[in-house]
Amino acid sequence: MTALGDLIEIDDRTVLVLGQGLDVEHDQPDVANALVHRAGDTLVLVDTGVTTAFRTALRKAADRVGPWSRVLVLTTHGHLDHVGNNDLADELGVPAEHYVPALDLDQMRDPLSYWVRAFDRIAGSAPLPAGRWPTPTSSRSRPCSAPPRASSRRGRPAS
């Protein structure tokens, strides 16, 4: 049986860090798998997952495939379960480069507005879980029975 953060060694330069699927009933977040690979002196991280436990496993995998003197983070897409530990690359003490798909920049720069717009598009097509949802302009929340309206503000252009 596998668990969050298990390391699967593919070869001496490549390790798969196992994520987990969303399990609302057991309060377990969705966490993407991550691939850790060393190409020459470059550590390549493909996605970085989310959670402290996954971060620890990611660091262990990075140490396992070393040595390396620079880091390259490749983000497959901007969902939190894929980017939650991207800042780990900046803590490794070597130059780091981050690559993100252009279409995902808005959701990474302003995730609250992105998800409010996403929920607004599907409102009415499926029941939302009971609870309170934040508005795009404040940390206040409103009842789920009245889904928040999408902000009319468009995403910022890439710089």
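In this chain, residues are counted from 1 in sequence order. All figures in this text were calculated on a predicted structure; none of them were measured in a lab.
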So, for [X] and [Y], which heavy atoms are closest and what is the spacing to 0.1 Å?
X: His77; Y: Gln107; answer: C-NE2, 4.4 Å
X: Asp6; Y: Thr2; answer: OD2-CA, 3.3 Å
X: Ala96; Y: Ala89; answer: CB-O, 3.8 Å
X: Pro95; Y: Ser69; answer: CD-O, 3.4 Å
X: Thr14; Y: Asp11; answer: N-OD1, 2.9 Å

Exercise. Does the side-chain contact (heavy atoms from CB on, under 4.5 Å) test come out yes or no for Thr75 and Asn86, once each step is laid out?
Worked result: CA-CA 9 Å; Thr75 298; Asn86 276 8; 3.3 Å; yes
Seminar exercise, completed: Distance col, row Gln20:CD vs Gln28:CD, nearest 0.5 angstrom, shows 4.5 Å
Problem set entry | From CG (Asp47) to CG (Asn33), nearest 0.5 Å | 9.0 Å
Determine whether a donor-acceptor pair (N or O, by modelled atom type, separation under 3.5 Å) exists between the side chain of [X] and the backbone of [Y].
X: Arg13; Y: Arg38; result: yes
X: Thr56; Y: Thr52; result: yes
X: Asp104; Y: Pro101; result: no

Exercise. Asp30 versus Asp23: any side-chain heavy-atom pair under 4.5 Å?
Worked result: no
Exercise. Looking at side-chain heavy atoms only, is the closest gap between Pro29 and Thr51 below 4.5 Å?
Worked result: yes
For this session: Please lay out, stage by stage, how Asp90 and His98 fare under the test side-chain contact (heavy atoms from CB on, under 4.5 Å).
Result: CA-CA 10 Å; Asp90 300 318; His98 297 252; 3.3 Å; yes
For this session: Could you check Arg59 against Glu91 for side-chain contact (heavy atoms from CB on, under 4.5 Å), going step by step and ending with a plain yes or no?
Result: CA-CA 10 Å; Arg59 179 58 197 252; Glu91 297 175 3; 5.9 Å; no
Exercise. Less than 4.0 Å between a side-chain N and a carboxylate O, is that true for Arg55 and Asp87?
Worked result: yes
Problem set entry | side-chain contact (heavy atoms from CB on, under 4.5 Å) involving Leu74 - partner list, sequence neighbours excluded | Val44, Val46, Leu72, Tyr99
Exercise. Taking ILVMFWY side chains as joined if any heavy atoms are under 4.5 angstrom apart, and letting links pass through other members, which residues group with Leu22?
Worked result: Val24
Exercise. What residues join Val31 in its hydrophobic cluster, counting side-chain heavy atom gaps under 4.5 Å, either direct or through other members?
Worked result: Leu4, Leu7, Val15, Val17, Val36, Leu43, Leu45, Val50, Phe54, Leu58, Val65, Trp68, Val71, Val73, Leu80, Leu88, Leu92, Val94
